[in-house]
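Since the structure is predicted, the reported quantities are computational estimates derived from the model, not experimental observations. Below, chains carry the letters A, B, ... as their sequence lines are ordered, and counting in each starts from 1.
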Number of protein chains: 2
Amino acid sequence: MDSNPPLGRKVTVRDIAAGCGVSRATVSLVLRGSPLVNKDTRARVEEELRKQGYVYNRAAANLRRRTSSSIALVINELANPFFAEFAAGVDDVIGEAGMVTLLGSSSESPKREQAVLGSLIEHGPGGIILSPAEGSDASQVLAAVGARTPLLLFNRELTGEQPEYAHWDTLAMDNQQGAREATAHLIAQGHRRVAFFGGHRDSSSCRQRRAGYREAMQAADLPVAAHWEVECLPTRLEAAHCAQALFDVEPAPTAAVCYNDAVALGLMHGLLERGLAPGRDFALTGFDDIAEAALATPSLTTLAAAPRARGRQAAQMLLQRLREPDAETRRIVAPVQLVIRASSCPPTA
Amino acid sequence: MDSNPPLGRKVTVRDIAAGCGVSRATVSLVLRGSPLVNKDTRARVEEELRKQGYVYNRAAANLRRRTSSSIALVINELANPFFAEFAAGVDDVIGEAGMVTLLGSSSESPKREQAVLGSLIEHGPGGIILSPAEGSDASQVLAAVGARTPLLLFNRELTGEQPEYAHWDTLAMDNQQGAREATAHLIAQGHRRVAFFGGHRDSSSCRQRRAGYREAMQAADLPVAAHWEVECLPTRLEAAHCAQALFDVEPAPTAAVCYNDAVALGLMHGLLERGLAPGRDFALTGFDDIAEAALATPSLTTLAAAPRARGRQAAQMLLQRLREPDAETRRIVAPVQLVIRASSCPPTA
DNA sequence: AACTTGCTTTGGAACGATCCAAATCTAGCG
DNA sequence: CGCTAGATTTGGATCGTTCCAAAGCAAGTT
C-alpha cells in the first residue's frame, strides 16, 4: 500500500497521486485550495502531501499558467542605507503578496545594470523596479527589458528620450519642495544670506533641489550670490574640504541648505576646523534623514524621505500595474518632510 | 518567407525555428553555444533571434534540465547597514556566476523566517544563505527547507540541536579573537581595570565576545570585578543610560571593551554627560566598524568585520558546495581586524 | 427505465526548453 | 558504386504543473 518513496528525485504531484489513489488533476486542485474537491479526498491528499514532504514547484506551475510570481528589484547601490531601507520596504510588500524579489545591484554602472537586467528578465519577473545607475539610458533599458514587462522607475530619471511606447510608472521624491521648505525655514529663522551647498551639477536630484532653493530665495526677495552655490562630490570628506569656498568672498552666508545629510555632516566638520560652531555661529540643513542626523552634535535639521515607506509604495504601485496592465501611466512625486532639529539656529545677533 | 510575428505571445524557440527553417533542437544548441552546429546555421539562427527579440526562458530550461540558476538569501534585518553590505557582497558573486539572488527578509522574527523560507524554497533555489533571526530553531529551519537544498548559515547559530543529517556549512565571525585583541590592546595601553560593556546574555555573539575579553584579562593576570560586566540592550540610547553602572562601585574601570559600535557610541554619550571625555579620561573600543566609527569624536577603535567581503565569501562557499554536494561540511570562522583609532587612549596618569 | 442535475474526478494535451537516439548529409576510400 | 567515418540536424519524449472537455456517480424526477 505504501508507494515507493522517491529516492534522489523530488516529490511531485504524480507521487502524491499514486500514494493516495487519485489523479494528478485532483492533487493539483487540492494544492490550489479549489472548492471543487470533496472534503474527505482533500483530507486524504493533504495527509499524503505532509507524509511525503512535498514541495510545490512554482516554476513549473508558472510555465503552464503563463504567470509570474516574482518581481525584479535593481538597485544602483545596495550598500547605501537609504536604498537598503528601500529594498527592505519593497520586499515586505512583495512578500506579503506571496511573491518573491529577485535582487540585482548595479553598483552605479549603467553597463552592469544592462547585464543585471538581462539576466533577471530571463527569469520572467512579472515586473521590475529600477533605481537607475547614474547615466543610465532610456533606450538601453528598453532594449534590455523589452516592452512586455512593466517597469517602475524610482528616484532618478533616465537620460535620453523615454520611448513613448514604453509606458513606465515613476516614483520620485519631491526634491524641489523639500529644498524650498528647508530654505524657507532658514529664512524664517532670520537668515538673509543663505547658501546652497554640495551636490553634483549633472544629477537630476541636485538640479531639483537647487531649483527649490532658488524659488524660496526669490519668494523672499533675497538675492543669490554666485559663490553661494558651491558644487562638490556628495561625500563627507569632500564637503569638509569645500567648506572654505563659502567664506572666500564677502559677504559670506550665515546659513546653508545642503544637498544631503552626508554633505551637511561634512560641512559641520569643515566649519569646526574654521572655528565656527555649527548650530550656533552657522545654520544648516541636510536631506535624507539618515540615522546619524538625529545623533550628530548639533542634531541635524533635515528632510525625511522615509525610504522604507517609499519601498512599500513602489512595490504597491507595481502590483497595481500588474493588476491593471492597461491603466494609465502613473507618475507619483512623494512629499518629503522637514524635521527641525538643532542645526538650523537663528543667525547670531 | 516571414513567419507571422507572435502577437500577445512571447517569442519561443519554436518561433525562431520556424522563422529560419531549422528544428527547435538546433535553435536550442545555438542558444547554449554548442560547437556541434554549423557556422552558417548558427549565424542564421542568431540573426533571427535578434530580429524577433527572443528572450530565453530560464525557468523552462531549469525544469527540463533539473537545475537551478538562483540562490536564496534570507537576512534577519536588511535595513541594518551591516547586512545590507553583506547582501551586496553576496549578490556580486552570485551575479558574476550568472545566477540570480532571491531575496527575503525576516525582520528578526523566526515565524516570518519560516514563511519566507517556505515561499523561497518553492522557487527551487540551488542553495540558501541564511542569517538567522534571533531565536530561530534548527529543526524548524530543516522542516522549511528540507534536507535536499544546501544551506549556509551566516553570523549566528540556530537554537536547538542541529539535525545531523542536515550538513550545513557555516560562516561566522571570530568574535572571541576580536574581543581578545581589543582587550589586549587596552591592556597594552596601560589599563588594568577594563570593563566589558553592553550586549545581551542570550546572544551567542555576546557570549563569545565576553569569553574573549575574559581570556585576555586572565592572560594578563588581571582580575574581573563583577560590576565590570554590564549588560544592556545593544542600542545607543540604552548604552548611554547604563553608563552609570560602571561607576557605581569602586574601583571603577578606566577602559571598556564594548559589545559593538552602537553601544560604544552610546557609552561615549553617557560619559560626556558625567563630565568624562572619552578618548582622554576613559578608553573604549567597539565592534563592527560601522561608517560612523571613523567619524565620531573621538574616532572609535573597533573591530572591522568587512561585511561585503563576508558576503562574497558566503556566496563563494555556497557555490563551492553546489559544485561538490558531497564534500565535507565546512565551518569557517572569519578573523576580524582591530582598527586602532583615537578612543583607545592610555589611562590618565 | 430513461433522464436530468449537481457534485467530483479524470486522462490527455499543453507551457518552453532540453535530451537522446536515430536520421541525414557530406566526403573519402577501395 | 557501395561503404564507412565524421559532421550536422532532427523528431519525439520529457521535466512538473495546470487546463479542458468529458466522464463517472449518486440521488431525484418524470
Side-chain angles (χ1 to χ4, degrees), chain A residues 3 6-46 48-49 52-70 121-126 146 148, chain B residues 3 6 8-46 48-49 52-69 121-126 146 148:
Chain A
S3 68
L7 259 108
R9 226 165 16 80
K10 276 191 240 169
V11 180
T12 76
V13 280
R14 194 170 230 111
D15 299 311
I16 303 300
C20 58
V22 297
S23 73
R24 296 180 339 269
T26 303
V27 176
S28 175
L29 289 172
V30 170
L31 286 173
R32 282 169 297 151
S34 159
L36 289 182
V37 326
N38 180 288
K39 240 180 159 67
D40 299 343
T41 316
R42 149 160 297 130
R44 232 172 54 236
V45 171
E46 273 168 352
E48 189 73 19
L49 288 169
Q52 294 203 32
Y54 171 81
V55 319
Y56 189 68
N57 184 333
R58 208 166 278 274
N62 282 332
L63 176 59
R64 179 63 178 97
R65 306 180 63 181
R66 304 155 140 276
T67 57
S68 171
S69 57
S70 61
I121 203 77
E122 293 185 351
H123 289 83
R148 175 161 262 89
Chain B
S3 67
R9 225 163 19 80
K10 277 190 240 168
V11 181
T12 75
V13 279
R14 194 170 231 111
D15 299 310
I16 303 301
C20 57
V22 297
S23 73
R24 299 181 335 268
T26 303
V27 177
S28 176
L29 289 172
V30 170
L31 285 173
R32 283 170 296 149
S34 159
L36 289 181
V37 327
N38 179 288
K39 240 182 161 65
D40 299 343
T41 317
R42 151 160 299 130
R44 234 174 50 239
V45 171
E46 274 168 353
E48 189 72 19
L49 288 169
Q52 295 203 31
Y54 172 82
V55 318
Y56 189 69
N57 185 333
R58 209 166 277 276
N62 282 333
L63 176 59
R64 180 60 177 97
R65 306 180 65 182
R66 303 153 143 278
T67 57
S68 171
S69 57
I121 203 79
E122 292 184 350
H123 288 83
R148 177 160 260 89

Closest contact, heavy atoms only, [X] versus [Y]:
X: A/Val45; Y: A/Val22; answer: CG2-CG2, 4.2 Å
X: B/Asp15; Y: B/Gln52; answer: O-NE2, 3.4 Å
X: A/Gly124; Y: A/Ser70; answer: O-OG, 4.2 Å

Would you give the length of the straight line joining atom [atom1] of [X] to atom [atom2] of [Y], rounded to the nearest 0.5 angstrom?
X: B/Leu63; Y: A/Asn62; atom1: CG; atom2: CG; value: 11.0 Å
X: B/Arg32; Y: B/Arg65; atom1: CZ; atom2: CZ; value: 6.0 Å
X: A/Thr41; Y: A/Leu36; atom1: OG1; atom2: CG; value: 11.5 Å
X: A/Arg24; Y: A/Leu31; atom1: CZ; atom2: CG; value: 12.5 Å

Would you find a donor on one side and an acceptor on the other, under 3.5 Å apart, between the side chain of [X] and the backbone of [Y]?
X: B/Arg44; Y: B/Cys20; result: yes
X: A/Arg42; Y: A/Ser34; result: yes
X: A/Ser68; Y: A/Gly126; result: yes

Under 4.0 Å from a heavy atom of chain B: give me the 5'-most and 3'-most nucleotides of DNA chain D that qualify.
D/dT8 to D/dG16
Nucleotide by nucleotide, 5' to 3', does protein get under 4.0 Å of the base (B), only the sugar-phosphate (S), or neither (-) in nucleotides 15-25 of chain C, counting heavy atoms?
BBBBB------
Heavy atom of residues 36-46 of chain B under 4.0 Å from DNA chain D: which residues?
B/Leu36, B/Val37, B/Asn38, B/Thr41
